[in-house]
There are 2 protein chains.
Amino acid sequence: MKIDVNANIMDVNNAYAAQNRDLLEEKGILVINIMGSPGAGKTTLLEKLLSNWQKQMKVAVIEGDLATAKDAERILACGAAVVQINTDGGCHLDAKMISQVLPGFDLEETKLLIIENVGNLVCPAGFDLGEDLRLVVMSVTEGADKPSKYPSAFLAADWLALNKLDLLEYTDFDMEAALADVYAIKPSIQVFPTSCRKDKIQGLDKLAEAVIQLVEEKQKQANK
Amino acid sequence: MKIDVNANIMDVNNAYAAQNRDLLEEKGILVINIMGSPGAGKTTLLEKLLSNWQKQMKVAVIEGDLATAKDAERILACGAAVVQINTDGGCHLDAKMISQVLPGFDLEETKLLIIENVGNLVCPAGFDLGEDLRLVVMSVTEGADKPSKYPSAFLAADWLALNKLDLLEYTDFDMEAALADVYAIKPSIQVFPTSCRKDKIQGLDKLAEAVIQLVEEKQKQANK
């Protein structure tokens, strides 16, 4: 008897993802799945974006971590609705986890749902959560070879935030080589150079605006 | 019928790990499994350590990556024997992969085997490869909250290289908080503050020496 365990796991995940997608589509909520290595700056980037978004719309956030509610506390302080999922050692969020926490949000009022995945440049890329868009955050301190060495994350991504640009001058990060690799893996990817450091903020308004534009399109589709 | 897939996978891994450990024990080879996030600086740290070790002993290196042989090429340039394992999307090395590449090395002459795991602060910690010692590399640019948010890696570690100290002054990394969390998770962990950046080298001799001491102990045990 041959048991194809992996296919089974993915089938179950995809079924939950489709269910999440249907529900969130119906409510006209744009969903972004944020992925990246530990310390790429995902939560800090999200804090900065929230301070822009919160003025104009209701945002919900799902935080994924192995342990602690540290990220959820930071997001709560930004005024967004937030649920923390602790995977207890698990290396990624899956669509079932998302489906289980969705009822905790006011889906009628929410216009944007951000899912911050577990910090991991490998496993999250394999799991559809029901999102509309995948944003990979990569910091320049990680080194220019990361796209070619971890291609699955960049292949799965729609957008890339190339973060911690404020530290670029102190590293030997080869921007040209990194971008060449990124575009070779995913020609359609949209790259947002960003820095979230106080007094060195860069590229955040452009990223925030690009999301707002997608939120508005999603709203239009839902109302038609 | 209940199939406990995870237990089965771990049993198989542990059997290969025990086999690796027996073989390497017999040959008197010290084995270090290096883990850490993508971009923590594992390969650069290893390059620097090799330039110290290569003068006095034969070192073998196994490089684990999803794709490319970039790291193996860098290690080869340091004069060490190296085999690159490409996991083709896999998020960690397992003991079977190690057992398959061991015959490629001159185990009679080798005194130290370094396994650089896939860049991932989550999954590698769960897989015994047959190593004597686990070294986690974490860079200060990743942020001080990483130990508490990714406890499994630090719990699994014997040593921690707290790396990229040269960038400390440009970050808001809280050293005291990070170390308090690390020691709370693993009181016995030994911490090596390091910087590998040209002109800002720090802590490498101490780490290199600590390894050499263990290699010598291992040799004594094997010869008795």
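- If you measure heavy-atom distances from B:Asp88 to chain A, you find no contacts under 4.5 Å at all.
- In terms of heavy-atom proximity, A:Ser148 sits nearest to B:Lys70 at OG-NZ, 2.8 Å.
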Inset, instruction - Test A:Ser37 against B:Asn120 for side-chain contact (heavy atoms from CB on, under 4.5 Å), laying out the working first. - result: CA-CA 8 Å; A:Ser37 303; B:Asn120 183 334; over 6 Å; no
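- Contact annotation for B:Lys149: both backbone and side-chain heavy atoms come within less than 4.5 Å of a heavy atom of chain A.
- Residue-level contacts of residues 58-66 of chain A with chain B, in order of numbering, are A:Asp65, A:Leu66; threshold 4.5 Å between heavy atoms.
- Contacts from residues 126-142 of chain A to chain B, taken as heavy-atom pairs separated by less than 4.5 Å, involve A:Thr141, A:Glu142 in sequence order.
- Residues of residues 193-202 of chain A having a heavy atom under 4.5 Å from any heavy atom of chain B, listed by number: A:Arg197.
- Among residues 167-179 of chain A, the residues having any heavy atom closer than 4.5 Å to a heavy atom of chain B are, in sequence order, A:Leu167, A:Tyr170, A:Thr171, A:Asp172.
- Only the side chain of B:Asp71 comes within contact range of chain A, with heavy atoms under 4.5 Å apart.
- With chain A as partner, the option from B:Ala153, B:Pro38, B:Pro151 having the largest number of non-hydrogen pairs under 4.5 angstrom is B:Pro38.
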Inset, instruction - Walk me through it: do B:Asp145 and A:Arg74 pass the test side-chain contact (heavy atoms from CB on, under 4.5 Å)? - result: CA-CA 12 Å; B:Asp145 59 348; A:Arg74 290 169 60 185; 4.0 Å; yes
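- At least one donor-acceptor pair closer than 3.5 Å links the side chain of A:Tyr150 to the backbone N or O of B:Gly119.
- More than 12 heavy atoms of other residues, nucleotides or ligands sit less than 6.0 Å from atom CZ of B:Phe105.
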